[in-house]
Number of protein chains: 4
Amino acid sequence: MKERARRKAERPGEIIEAAFDAFAERGFAATRMEDVAARAGVTKGAIYFYFETKERLFEEMVDHYSRDMLADAGAMLAVAQGTCAEKLRAFLSFMYGRCACDRRGREMIRFMVSDGKSFPQLVESHHRNFFAPAMGMIAELLAAGVASGDFRPEVLKHGAEIVIAPSVFLTLMRLIFGSNLAIDEEAYIAAHVDLLLNGLLTPAGRENLSSGKACGEALSPI
Amino acid sequence: MKERARRKAERPGEIIEAAFDAFAERGFAATRMEDVAARAGVTKGAIYFYFETKERLFEEMVDHYSRDMLADAGAMLAVAQGTCAEKLRAFLSFMYGRCACDRRGREMIRFMVSDGKSFPQLVESHHRNFFAPAMGMIAELLAAGVASGDFRPEVLKHGAEIVIAPSVFLTLMRLIFGSNLAIDEEAYIAAHVDLLLNGLLTPAGRENLSSGKACGEALSPI
Amino acid sequence: MKERARRKAERPGEIIEAAFDAFAERGFAATRMEDVAARAGVTKGAIYFYFETKERLFEEMVDHYSRDMLADAGAMLAVAQGTCAEKLRAFLSFMYGRCACDRRGREMIRFMVSDGKSFPQLVESHHRNFFAPAMGMIAELLAAGVASGDFRPEVLKHGAEIVIAPSVFLTLMRLIFGSNLAIDEEAYIAAHVDLLLNGLLTPAGRENLSSGKACGEALSPI
Amino acid sequence: MKERARRKAERPGEIIEAAFDAFAERGFAATRMEDVAARAGVTKGAIYFYFETKERLFEEMVDHYSRDMLADAGAMLAVAQGTCAEKLRAFLSFMYGRCACDRRGREMIRFMVSDGKSFPQLVESHHRNFFAPAMGMIAELLAAGVASGDFRPEVLKHGAEIVIAPSVFLTLMRLIFGSNLAIDEEAYIAAHVDLLLNGLLTPAGRENLSSGKACGEALSPI
DNA sequence: AATGAATGAGGGTTCATTCAT
DNA sequence: TATGAATGAACCCTCATTCAT
């Protein structure tokens, strides 16, 4: 039987998944290696066969899920098409799908908040790989919209943050209040997009949105 | 001597302040009672004279700062006047002052995110005392604006969350990226208010805003 | 009661004694902190109140007994008088008393042999503080004897090591064979001194020895 | 294939050599089976194919080198010839060659000192096979010398220990101070032999030494 | 009121040993 | 034969908590 080989190849992944759950549940400091081990169905010692220390396990776990998110984001952006407003919608859709509603992305934020001070390189890498590029992409998109006359020029400064804030806010509420939070997700997103576009668009932009005219430039990938 | 009495009365407060700093620095689990004691200028044992356990110290510390925020919020709301848009501005001003920019409010959010699962009553109380009332107040305010024709009716559903999201987003960025975050706070707030009002107001509302007509109802206090 | 203060002052010493016994019994690596604690009549944790790590405990224990030996050696040398041969006898007497027969000195040698590679500064300090000075002193003594015509000039090179070797040899036998070693200590020392002086002395020296003529120079202290 | 068979036959020896190096380097307790395995170029598991436990590996390793030394000693003694003094010289030469200067013999002493208490049968066997016979042989040799008038009768009691002490002393210095020890080995041995014979020989013995008259009895082998 | 020595229950990590492959 | 993943029993060290002073 190839059982042995199969396990060997999959163990690190299983442990990383278990680590994600365990760390998400109780935070880095309060999680015991034994908790992780139990979730992974192995004993404490086995973890040390694959990961040097608790810190390394945490880092590699975060890295692992970061890579996933990065790949998804790149893929998403490569295919976004249509008017500036439609591109914006596509981007927000990704944000909601990956950050607010997907547990993985959500808990990554918790890790940043809870343990970022203990793992500064984790924060830095997140900033470099996600936050800055994402902000940059939206800023570009907004600038393109302003250039094409679709968006009001006031959004050039810090518009990007304002634009995505509601999706992150929803994420945060979920992190804090969990499933107790009674929010109609679809309505929430609709409200976000409505308010956003209404605040963003020029009269000309509104016309373009209904007529479906494409936004001038293509977005650069992450 | 009076000195002794003074110390006695102030000790719990000093310890609570120290606890805030210590827990904010490293999180609940990773903070040692001795860290707190050292910051408060006492020894471990002294803390146990005032607080039963580490958990209780944490809870009472959070309670203490919650009460402060609660008082401030109540005061602020009692005096908000003017048009609906101006009331909204006043509210946002409070949000930025207390959450995004004030360290105290900011770290309270960190406590929620990091240790909320271990202290559910803390989360619940925060929800009951802050989140729900604040959302309710804004919802009322928005409803009033819609009723008076100032605000577009689309904001009735989940508009409140969208409205405050950027201020909380800024808070979160500060929590995660700390002082490394290069954001022009004034411009950020200006962008927020601009985009928000532009998205929110009806044509009639725009006129009212410039003419300074007050919004119909008063807001209920928290 | 002053019980508390008394214990506090004496605890480190008690722990060091316990550490000596424990480390002598099983070696550094095989000794558990709990062994030391049990011998000292405290719990594991208490040791860490006084000593940072197991390594530091070991080092401080060795330092402690080294200081004792150093003081004794200095005192001994200050008072050695008489002919060169008599001074030599006095020195050997010290060697036997402190190294071969005293458990403390004996186990210090075991620590050097067993754990010297892990504690190189311990070895270096032992070399600097004991071995080199002791060899130097004997070499001086031998040189003085050669100068006065009492000792044969052949001993000038490496005579010091040959001279003390039997006392160290006895120490080593005790370390290895323990109480199983059936050696008549007095006879052993007598044989050592007899063979040594017989090999060392010139015909003139023999006369001086019986007539009690003092050796020219005084020895320098350690 | 022959290669496989060759390896099979040599593996235990390779592991024993690796074990010697590893245990000599860090001591029994601090040495990991993996250290041994790495030195032997195999994996941990392979060692357990040849040796039941870490303890057994240690014991068999010591046994192995003991047998080597035993064989050498026997061979040496069988051919020693000449005067008593010359036989003594031959014996010392063996001591220096096998104990003081040969790494193998030297480290055996370290094992005795460091781990003898944990392996009492090892100590006992060493005593029975080496120490006691060697002492006995020298004692016999000295007795023969006394009987023949070559040696002074004072050496009959404990003379053997005194006689070999300097060679063991040099060994010990090497064990403790390693290569930092600056000793001119040839001069050291010369000083030893000079002082020893001078202390040992009667006037008649001196004559015999120069004239080369053989010592009466043959030595019994170990 | 406060100290700080001491406890004791863990938690992270190591490592001798096993066993399926 | 040999591998190396896995186990589980320790071991070092930490820290919340207690209590005599």
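Residue numbers begin at 1 in each chain, while the letters A, B, ... track the order of the sequences.
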pair C:E107-C:Y65: side-chain heavy atoms closer than 4.5 Å:
no
Please give the nucleotide sitting opposite E:dG4 as a Watson-Crick or G-U wobble pair, both distances under 3.5 Å, or none.
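Its partner is F:dC19.
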Partner nucleotide, any strand, of F:dA10 [Watson-Crick/G-U, under 3.5 Å]:
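F:dA10 is paired, partner E:dT13.
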Nearest-Å distance for atom pair [atom1]/[atom2], residues [X] and [N]:
X     : N      : atom1 : atom2 : value
D:E34 : F:dT3  : CD    : C1'   : 12 Å
B:F51 : F:dA16 : CZ    : P     : 15 Å
C:D35 : F:dA10 : CG    : C1'   : 12 Å
D:F49 : E:dT17 : CZ    : C1'   : 16 Å
C:R56 : F:dC12 : CZ    : P     : 17 Å
D:R32 : E:dT13 : CZ    : P     : 16 Å
A:M33 : F:dA10 : CE    : P     : 21 Å
C:R11 : E:dG4  : CZ    : C1'   : 13 Å

Do the rings of C:H126 and D:F177 sit parallel, tilted or perpendicular, given the 30° and 60° boundaries?
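Answer is parallel, since the angle falls under 30°.
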Does CZ belonging to A:R106 count more than 12 external heavy atoms closer than 6.0 Å?
yes
Quick check on DNA chain F: between A:Y50 and B:E55, whose nearest nucleotide comes earlier from the 5' end?
A:Y50
For DNA chain F, which residues of residues 41-48 of chain A approach it to below 4.0 angstrom with any heavy atom?
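Going residue by residue through residues 41-48 of chain A, the ones with a heavy atom under 4.0 Å of DNA chain F turn out to be A:V42, A:T43, A:K44, A:G45, A:A46.
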Stepwise ring-ring contact (aromatic ring centres under 6.0 Å, His included) test for A:F111 and A:F58
CA-CA 10 Å; A:F111 295 148; A:F58 185 74; 5.4 Å; yes
Residue met sooner reading DNA chain E from 5', once A:T31 and D:T31 are mapped to nucleotides
A:T31
Assign each of A:A29 and D:K54 to its nearest nucleotide of DNA chain E by heavy atoms, then name whichever residue's nucleotide is nearer the 5' end.
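On the 5' side of the pair lies A:A29.
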Residues in side-chain hydrogen bond (donor to acceptor under 3.5 Å, both in side chains) with D:R67, at least two apart?
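D:R67 satisfies side-chain hydrogen bond (donor to acceptor under 3.5 Å, both in side chains) with no other residue.
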Expected output: side-chain B:D21 to main-chain B:A18 donor-acceptor under 3.5 Å:
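No; judged by distance alone, with no hydrogens or angles, the pair does not exist.
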Specify the closest pair of heavy atoms between D:A24 and C:K117, including all atoms of both residues, with the distance to one decimal.
O-NZ, 3.3 Å
